[in-house]
Amino acid sequence: MTASSAENSVDSASPLSRLAPLEAILFDVDGTLCDSDPIHYQAYREMLPEIGFNGGVPITEQFYAEYISGKHNEDMAKFFFPDDHQQGLKFTDEKEAMFRRLEKDKLKHVKGLYKLKKWVEDRGLKHAAVTNDPRENAELMISDLSLSDFFDFVILGSECEHGKPFPDAYLKALELLKVSKDHTFIFEDSVSGIKAGVAAAMPVVGLTTGNPEHLLMEAKPAFLIRDFEDPKLWAALGELDRKAATATGAD
């Protein structure tokens, strides 16, 4: 799915330009660094009928996007087992184990990821991964993408008081990196994640890798991109570079 050029164009008044000089970029993992949503969807499609959810009828992609994608496992446990939270947690643990089995040899990075990685490194920016994933999943995906040495920190929603859509994990990332929210932005692919970033008072660039554009826009991202090669993203990054160069020249 592609982002609408009419609704999400980036011009000289880029919503990121006010962040100059940029200090840091924060990245979600699932669906942002890699196209992992189809693997999660497959796991849920196989497992939910086994517990009789939806009368045993497999869920649709639309249902997955609206009610599951980006949500914390604590919330999903309550959603699927409202009267037995422990059984719900057991189910989500088993689902994550299935994801890890299915993930082998299937995980693909989002286009332009390594170009963006080089841009970040060339400018000496700080960076962290912020995710609702279990640590085992997050570290597996980051390792498979050859990014284990890239991230300064991996912050989990489960290790904060509240996971996404609450801002706690993103606020913790700012604290650990010792950077300002006024000079940091976020990449996210889910409604839950975008809401978390917006609640943390940072601009969020949304990726349309796995969720419907209209749902993402309701969460109020700065703008949407197809992937990390999207011209809208590089126009915004170019504007940041120009602003930083102007500031340096004025010193």
Side-chain angles (χ1 to χ4, degrees), residues 1-10 15-16 26-49 53-54 57-73 75-76 78-80 92 95-96 99 102-103 106-113 116 130-133 137 141 157 163-167 169-170 185-200 202-236:
M1 184 179 296
T2 61
S4 163
S5 58
E7 291 184 10
N8 306 304
S9 61
V10 175
L16 302 185
L26 306 178
F27 295 81
D28 173 51
V29 177
D30 245 340
T32 298
L33 302 177
C34 51
D35 189 14
S36 51
D37 271 319
I39 307 174
H40 285 290
Y41 175 58
Q42 181 183 347
Y44 277 115
R45 286 265 303 180
E46 292 184 20
M47 292 185 65
L48 286 174
F53 184 79
N54 194 34
V57 178
I59 61 170
T60 63
E61 288 187 40
Q62 181 178 355
F63 183 93
Y64 173 82
E66 291 189 22
Y67 297 102
I68 298 177
S69 180
K71 301 291 197 310
H72 194 278
N73 275 347
D75 297 324
M76 297 318 303
K78 294 174 186 174
F79 182 72
F80 293 125
T92 57
K95 177 263 159 185
E96 298 300 353
F99 170 83
L102 293 172
E103 180 262 9
K106 289 187 178 180
L107 200 68
K108 296 178 181 178
H109 70 273
V110 171
K111 285 176 59 178
L113 174 63
L116 178 62
V130 182
T131 178
N132 268 349
D133 291 322
N137 284 29
M141 286 184 280
K164 303 172 189 178
F166 294 93
Y170 279 119
F185 75 92
I186 295 165
F187 285 110
E188 271 283 0
D189 78 301
S190 70
V191 171
S192 175
I194 294 172
K195 286 182 176 179
V198 170
M202 285 177 278
V204 182
V205 177
L207 284 96
T208 59
T209 47
N211 290 297
E213 184 176 318
H214 71 278
L215 289 180
L216 298 179
M217 288 304 294
E218 288 174 6
K220 303 189 184 319
F223 57 94
L224 298 180
I225 58 175
R226 297 185 307 272
D227 51 42
F228 296 122
E229 291 185 353
D230 195 307
K232 290 190 296 297
L233 172 62
W234 291 96

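Positions are given from 1 along the sequence. No hydrogens, no waters, no symmetry mates; every other heavy atom, side chains included, goes into these values.
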Nearest-0.5 Å distance that lies between atom [atom1] in [X] and atom [atom2] in [Y]:
X    : Y    : atom1 : atom2 : value
D28  : N132 : CG    : CG    : 8.0 Å
L107 : I39  : CG    : CD1   : 5.0 Å
R45  : E61  : CZ    : CD    : 8.5 Å
T92  : H72  : OG1   : NE2   : 9.5 Å
D30  : D133 : CG    : CG    : 4.0 Å
D35  : H109 : CG    : NE2   : 11.0 Å

Residues in ring pair (Phe, Tyr, Trp, His ring centres under 6.0 Å) contact with H40, at least two apart in sequence or another chain: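 Counting only residues at least two positions away or on another chain, H40 forms a ring pair (Phe, Tyr, Trp, His ring centres under 6.0 Å) with F99.
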Ring pair (Phe, Tyr, Trp, His ring centres under 6.0 Å) partners for F80, two or more places apart: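 By the ring pair (Phe, Tyr, Trp, His ring centres under 6.0 Å) rule, F80 matches Y44, F53, F91.
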Locate the shortest heavy-atom distance separating [X] from [Y]; write the atom from each residue and the value.
X    : Y    : value
G31  : S36  : N-OG, 3.0 Å
P15  : P203 : O-CG, 4.3 Å
A236 : F223 : CB-CZ, 3.9 Å

All salt bridge (Lys or Arg N to Asp or Glu O under 4.0 Å) counterparts of E229, not counting sequence neighbours: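 Only K111 meet the salt bridge (Lys or Arg N to Asp or Glu O under 4.0 Å) criterion with E229.
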Candidates L26, T32, L113 - the one meeting side-chain contact (heavy atoms from CB on, under 4.5 Å) with F187: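 Answer after filtering L26, T32, L113: T32.
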[X]: partners by side chain to side chain contact (heavy atoms under 4.5 Å, CB included), with sequence neighbours left out:
X    : answer
D37  : Y64, S69, D189, N211
F166 : H162, D168
A169 : V130, I155, C160
K108 : none

State, with a plain yes or no, whether a side-chain heavy atom of [X] is found less than 4.5 Å away from one of [Y].
X    : Y    : result
E188 : K164 : yes
M217 : P212 : no
V204 : Y170 : no
Y41  : I68  : no
L216 : V191 : yes

side-chain hydrogen bond (donor to acceptor under 3.5 Å, both in side chains) partners of E218, counting only residues at least two apart: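 Expected list: none.
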Qualifying residues under side-chain hydrogen bond (donor to acceptor under 3.5 Å, both in side chains), relative to E96, sequence neighbours excluded: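 Applying side-chain hydrogen bond (donor to acceptor under 3.5 Å, both in side chains) to E96 gives N73, N137.
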Side chain to side chain contact (heavy atoms under 4.5 Å, CB included) between M141 and L33, intermediate numbers included: CA-CA 9 Å; M141 286 184 280; L33 302 177; over 6 Å; no
Plane angle bin for F63 and Y67 - parallel if under 30°, tilted between 30 and 60°, otherwise perpendicular: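 Tilted: the ring planes of Y67 and F63 meet at 30° to 60°.
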Heavy-atom neighbours of K71 NZ exceed 12 at 6.0 Å: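 Yes.
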Working for side chain to side chain contact (heavy atoms under 4.5 Å, CB included), residues L207 and F228: CA-CA 8 Å; L207 284 96; F228 296 122; 3.9 Å; yes
